[in-house]
Amino acid sequence: MTTGEWPGHRAGEPGFRRAATAVFLAGIAVFVSLYAPQALLPEFSRSFQVTPAASTLVISVSTAALAVGLLVLGPLSDRRGRTGILHASLAAAALLAVLIALAPGWEALLVLRGLQGFALAGLPAVAVAYLREELHPAMSSRAIGLYVSGTAIGGLSGRLLTGVLTELGGWRTALGGAAVVAVACAVAVRLLLPPARRFTPLSRQGRLLRQLGSAFTDPALLALYGLAALLMGGFVAVYNAGTFRLESAPYSLTPAVAGLVFLAYLLGSASSPTAGWLADRMGRRVVVPGAVALMAAGIALTLPTPLWCVVLGLCVLTVGFFAAHGVASGWVAARAQLGGRPVGQAASLYSFWYYVGSSVGGTLAGRAWQDAGWPGVALLAGGCALAALVLTGALGRTRSLQP
């Protein structure tokens, strides 16, 4: 929601640079914290003597708690503001990251990861809405793409860092390194993020459930929520099981070397803002289906045994996923705003289903790997991508609200 005559920060202005940089760093902090344990799943299996499927709970419990947190913090941000929630979220998550590295056992680790997941919900609950409100409309797609690229780099750096540090001192050292990154980013965001100038609190009139329900009355928003769940479910399935595949025969890679495959995230960090630029020129209804198809092609490329083919498939998959997600997340905010619906709630519901997909897909991937090996994982992820492609067709037939 916006008010006043000020049009928002424009590219080249200090406020734009500070806002874009702060949200970029916040994305790094959240995804370092959320997915740093992904490269450690085989290490958790060995250290705590749990199955591969059970080890994925260290990711799934956080993403499930994050999804729940979005239902609370998204509507709250529409009434109380974006920046306070974002700062509190990053501070709490950083503190919990330190405690996680000191966890005394498996059960305590899972409990702390759940609490951290809930705390981390503050960023995805408000980031897109904040950028949509505080930046000039012509700049918002570019900045949202930069935010998504920050999440990609955060996911990459967390996995690479933990992959290297676990060989030096085990999982505690690895997660301690991730905690240092989270604390540093939280401090930087506190110093950089400009205060909100265009936020208008949502009226207290009407019940929360009725306000939330308005975000479910638009077929396009419903399709975008489903797209979020399917894309993230397939993406996390591949990367969760991929750590086990690369450390098994015939590859038998060390955690540090296996972690190098996450360099594919660099391509994702570039594809998201590029897709945003293309969407501004060609339209979201053209870019999103193409990106989903690219993701499906990447999954297929991981099926052959040669390592180069697996790596190429991961690269193609990652480019397609981040391109589709970057454009779709911005589409939700734009659609909600043009339709007169609360932007924060719509963005939070998109993120809710995104992380539900992560939790469910990540957990099913461990079971698929145990029961059917990589073909089972590829079937799971490929099914998600094909279903997402069907949804993009339905999305293309919805009524446009563009002015």
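For this chain, numbers begin at 1 and follow the sequence in order.
Between the side chains of Glu167 and Thr254, a donor-acceptor pair is found at a separation under 3.5 Å.
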Stepwise side chain to side chain contact (heavy atoms under 4.5 Å, CB included) test for Leu175 and Leu40: CA-CA 9 Å; Leu175 294 184; Leu40 305 176; 3.8 Å; yes
Working for ring pair (Phe, Tyr, Trp, His ring centres under 6.0 Å), residues Phe48 and Trp171: CA-CA 11 Å; Phe48 295 106; Trp171 66 268; 5.5 Å; yes
Audit row: Trp353, Leu227, side chain to side chain contact (heavy atoms under 4.5 Å, CB included) steps and yes/no: CA-CA 9 Å; Trp353 289 109; Leu227 196 65; over 6 Å; no
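Scanning all heavy atoms of the two residues, the minimum distance from Leu192 to Thr21 falls at CD1-CG2, 3.9 Å. Taking all atoms of both residues into account, the shortest heavy-atom contact from Ser358 to Val236 is OG-CG2, 3.5 Å.
One N or O on the side chain of Thr63 and one on the backbone of Ser60 form a donor-acceptor pair closer than 3.5 Å. Remark: side-chain polar atoms of Thr56 are paired, donor with acceptor, to backbone N or O of Ala53 under 3.5 angstrom.
In this structure, Phe31 and Tyr35 have tilted ring planes: the angle between them lies in the 30° to 60° band.
Annotation: side chain to side chain donor-acceptor pair (under 3.5 Å) contacts of Thr318 (sequence neighbours excluded): Tyr239.
Enclosure of atom CZ in Arg46 by more than 12 non-hydrogen atoms of other residues, nucleotides or ligands within 6.0 angstrom is indicated.
The cationic group of Arg82 does not satisfy the cation-pi geometry with Tyr130, failing either the under 6.0 Å distance to the six-membered ring centre or the 45° limit from the ring axis.
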